[in-house]
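One structure below.
Note that the coordinates shown come from a computational prediction; the quantities given were computed from them, not determined experimentally. We name chains A, B, ... by the order of the sequence lines, and we start the count at 1 in each one.
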Number of protein chains: 2
Amino acid sequence: MTASENSEALSQRLADSGLRSTPQREVVYTVLLKKRDHPTADEVYARVKSELPTISLATVYNCLETLVQCDLVRAVNFERGPTRYCPNLRPHAHFHDESTGRTHDIDLPPTVLTELNRILPQGFDAKSIEITFRGQAKESSEHRAAGSGHS
Amino acid sequence: MTASENSEALSQRLADSGLRSTPQREVVYTVLLKKRDHPTADEVYARVKSELPTISLATVYNCLETLVQCDLVRAVNFERGPTRYCPNLRPHAHFHDESTGRTHDIDLPPTVLTELNRILPQGFDAKSIEITFRGQAKESSEHRAAGSGHS
DNA sequence: GTGATAATTGGAATAATTCCAAGTCGCAGT
DNA sequence: ACTGCGACTTGGAATTATTCCAATTATCAC
Ligand SMILES: [Mn+2]
Ligand SMILES: [Mn+2]
Ligand SMILES: [Zn+2]
Ligand SMILES: [Zn+2]
């Protein structure tokens, strides 16, 4: 998927929600797509500034919030750490590597999701399920994680 | 399990970690056991004050942290909301009811945990798994959740 | 172009938690 | 019982991530 195709998809999603496409929103989204390492708002801010030196942190927060509302990006939280942002739209869990601090995407087979819904007692209706692993990942796993796949 | 048995268990765990049993720690733990509704630190503070009017919020935070370290209590986070505390030691997921704001414990069958570990690629070693459902629960489910069971 | 509306901006405010330095308590050894 | 020492508690200051706000600036429809 080319850059202009992503840009197109963004404009479309924004328009669908009655929102405008702006340079700030474009660049924030582009930055998330370029390096999918679950950056924090601060990290996004730093990356975006090299392209839009006058953008404010408040705007980065606004843009990220907008992208989450449009379902183009997921907000991810570990404990009380700063919120991280993930443009991977496939159903996936997160593996938080305690030694490196890195976050890896773990694809979720549909069977797992249906099995999880089965453990809910009568009357519980889940709209979303979030799964977080915490532990260590071997070096070699750098390239084995599902993270960089393009849906 | 009687109150004094819980108190005994607490002293034991604390001693195991080279820590002392104090009135503050006792009452914080008792409060968590008495009403298992996943209270925040502030809520614990309010409940403890009726018994120990001079306790400080800092001490409540300290005690909660200690109980978590001793594995008598789990810290639970939803998004960026305040940390909640749960004395249920069985393996369980959390169901966050968006309309009531209430949190329900959902028992996790061991089979689900082993299946979840199976989806991890080579080289990923998970020390813990956290599962959070978000949605709505029917009134009737008030009494069907696993929450009040005693292990 | 002009006006209405949406978006951005810098800085102040907020909320939860942690930090810190001072006081207090509990206990081991005398 | 007394003393000393480390553990614990306390109030308030500091921290951190995020949100709020009021003022500007940009965008779109007409
Ligand atoms: Mn992290
Ligand atoms: Mn909640
Ligand atoms: Zn992700
Ligand atoms: Zn629980």
Side-chain angles (χ1 to χ4, degrees), chain A residues 7 10-31 38-49 51-70 72-85 101 103, chain B residues 7 10-11 13-29 31 38-49 51-70 72-85 101 103:
Chain A
S7 171
L10 170 59
S11 307
Q12 193 52 59
R13 286 295 185 94
L14 288 170
D16 290 352
S17 305
L19 302 173
R20 294 174 181 170
S21 178
T22 69
Q24 290 87 346
R25 286 170 177 168
E26 291 271 353
V27 175
V28 166
Y29 187 45
T30 303
V31 151
H38 303 83
T40 64
D42 267 332
E43 287 162 350
V44 172
Y45 181 43
R47 294 175 196 179
V48 169
K49 268 205 288 200
E51 188 132 350
L52 290 179
T54 64
I55 197 174
S56 73
L57 179 56
T59 297
V60 170
Y61 272 104
N62 291 338
C63 293
L64 290 170
E65 167 73 9
T66 298
L67 293 173
V68 170
Q69 297 315 53
C70 293
L72 286 167
V73 167
R74 269 175 62 181
V76 179
N77 291 283
F78 300 118
E79 262 107 69
R80 301 224 19 107
T83 298
R84 296 175 170 279
Y85 297 89
T103 299
Chain B
S7 171
L10 170 57
S11 307
R13 286 295 184 95
L14 289 169
D16 290 353
S17 304
L19 302 173
R20 294 176 182 169
S21 178
T22 70
Q24 290 86 349
R25 285 170 179 166
E26 291 270 353
V27 175
V28 166
Y29 186 44
V31 151
H38 303 84
T40 64
D42 267 331
E43 288 163 350
V44 172
Y45 181 42
R47 294 175 196 180
V48 169
K49 268 206 287 202
E51 188 131 352
L52 290 180
T54 63
I55 196 173
S56 73
L57 179 57
T59 298
V60 169
Y61 273 105
N62 290 340
C63 293
L64 289 170
E65 166 74 9
T66 298
L67 293 173
V68 169
Q69 297 316 53
C70 293
L72 286 167
V73 168
R74 268 174 63 179
V76 179
N77 291 282
F78 301 117
E79 262 108 65
R80 297 216 32 97
T83 299
R84 296 174 172 278
Y85 296 88
T103 298

Does the side chain of [X] get closer than 4.0 angstrom to OP1 or OP2 of [N] through an N or O atom?
X       : N      : value
B/Thr59 : D/dT9  : no
B/Gln24 : D/dT10 : yes
A/Arg25 : C/dA7  : yes
B/Thr22 : D/dA7  : no
B/Arg80 : D/dT18 : yes

What is the distance, to the nearest angstrom, from the [atom1] atom on [X] to the [atom2] atom on [N]?
X       : N      : atom1 : atom2 : result
B/Gln69 : D/dC8  : CD    : C1'   : 16 Å
A/Leu57 : D/dT19 : CG    : P     : 11 Å
A/Tyr85 : D/dA17 : OH    : P     : 12 Å
B/Arg20 : D/dG6  : CZ    : C1'   : 6 Å
B/Glu65 : C/dT18 : CD    : P     : 7 Å
B/Glu26 : C/dG26 : CD    : P     : 13 Å
A/Leu14 : D/dT27 : CG    : C1'   : 14 Å
A/Ile55 : D/dT25 : CD1   : P     : 17 Å

Side-chain touch B/Val68/B/Arg74, heavy atoms, less than 4.5 angstrom: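 No, every pair of side-chain atoms sits at 4.5 Å or beyond.
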Starting the side chain at C-beta, find the nucleotide from [options] nearest to [X].
X       : options                : result
B/Asp42 : D/dC20, D/dG11, C/dA16 : C/dA16
A/Ala41 : D/dT9, D/dT18, C/dT18  : D/dT18
B/Tyr61 : C/dT8, D/dT18, C/dT17  : C/dT17

Within the distance-only criterion (no hydrogens, no angle test), does the side chain of [X] pair as donor or acceptor with the backbone N or O of [Y] below 3.5 angstrom?
X       : Y       : value
A/Thr66 : A/Asn62 : yes
B/Arg25 : B/Cys63 : no
A/Glu43 : A/Thr40 : yes

Sugar-phosphate, base or nothing in reach of A/Thr40, heavy atoms under 4.0 Å: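 The answer is nothing, as A/Thr40 stays clear of every strand by at least 4.0 Å.
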Residues B/Ser17 and B/Gln69: side-chain donor-acceptor under 3.5 angstrom: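 Distance-only check fails for B/Ser17 and B/Gln69.
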Given DNA chain D, 5'-ward residue of the pair A/Ser21 and A/Thr83, judged by closest heavy atom: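 Checking each residue's closest nucleotide, the 5'-ward one belongs to A/Thr83.
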5' priority, DNA chain C, between B/Pro23 and B/Pro82 [closest heavy atom]: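 Closer to the 5' end of DNA chain C: B/Pro82.
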